[in-house]
Amino acid sequence: MLDEAQKALLVDLVEADRRVRRQKRASFLAIQVLNTDFAGAQILHPGWHDKERHVPVVDLEELASLGLLRSRSGGSRHDTWYSVTPDGVEQYTRIKEAQGQPIERVQRQVRNYIDAEPFRGFGRGTQRHSRNGKKRMNCYGKMTRRVRSR
């Protein structure tokens, strides 16, 4: 089972691979970054845009152990070549389908935000009356004057 960071890494790797024309696709080179506080690897690949981003080596190894990436040793013990396997592309497709289309993802994020605790009770049509009945709170939490028809 992948955690969210590992899913995001797989998505990034597949999308980086897809940015390169099929005839020019190559494996990713992961170079372990030493002498830092973070035990990570720098990814070298023509489709990888964030050149400064270091990814956890354990996440790469986990993706490889699940068969989502293929790994082979590089020129030194700190270099490893990775390529996305067909199972990795299939998992990417499942992740994207679970997330929905871009507009659906945005709608779901907005709905989840509005359904969060601070907004509970201020939903559609919710109005709160003050004690004297002259003012009420609209669904945005603002006080409004009550208009009476004559």
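Cluster annotation: Val11 is connected to Leu9 through the hydrophobic network of ILVMFWY side chains, with a link wherever side-chain heavy atoms come within less than 4.5 Å. Transitive grouping of hydrophobic side chains (ILVMFWY, heavy atoms separated by less than 4.5 Å) brings Leu63 and Ile95 into a common cluster. Under a hydrophobic clustering in which Ile, Leu, Val, Met, Phe, Trp and Tyr are joined whenever their side-chain heavy atoms come within less than 4.5 Å, directly or via other members, Trp48 and Ile31 fall into different clusters. In this structure, Leu10 is a member of the same hydrophobic cluster as Leu66, with clusters built from ILVMFWY side-chain heavy atoms closer than 4.5 Å. Leu60 and Val89 fall within the same hydrophobic cluster, where Ile, Leu, Val, Met, Phe, Trp and Tyr residues are linked whenever their side-chain heavy atoms come under 4.5 Å apart, directly or through other members.
Rounded to the nearest 0.5 angstrom, Phe28 CZ and Asp12 CG are separated by 9.5 Å. Atom CZ of residue Arg25 and atom NE2 of residue His45 lie 8.0 Å apart, to the nearest 0.5 angstrom. Distance check: Asp87 CG to Leu69 CG gives 11.0 Å after rounding to the nearest 0.5 Å. Taken to the nearest 0.5 Å, the CD atom of Gln6 stands 4.0 Å off from the CG atom of Asp3.
Using a 4.5 Å cut-off on side-chain heavy atoms (C-beta onward), Glu15 and Lys96 make contact. With contacts defined as side-chain heavy-atom distances shorter than 4.5 Å, the pair Leu68/Leu13 does not qualify. Two residues are said to be in side-chain contact when any heavy atoms from C-beta on lie closer than 4.5 Å; Thr93 and Glu90 fail this criterion. Between Arg53 and Ile43 the shortest side-chain heavy-atom distance does not fall below 4.5 Å.
Proximity of a side-chain donor or acceptor of His78 to a complementary backbone N or O of Val33 within less than 3.5 Å is not detected.
Salt bridge Arg94/Glu97: absent, no basic N to carboxylate O contact under 4.0 Å.
Contact between Ser71 and Thr80 at its shortest, heavy atoms only, is CB-CG2, 4.0 Å.
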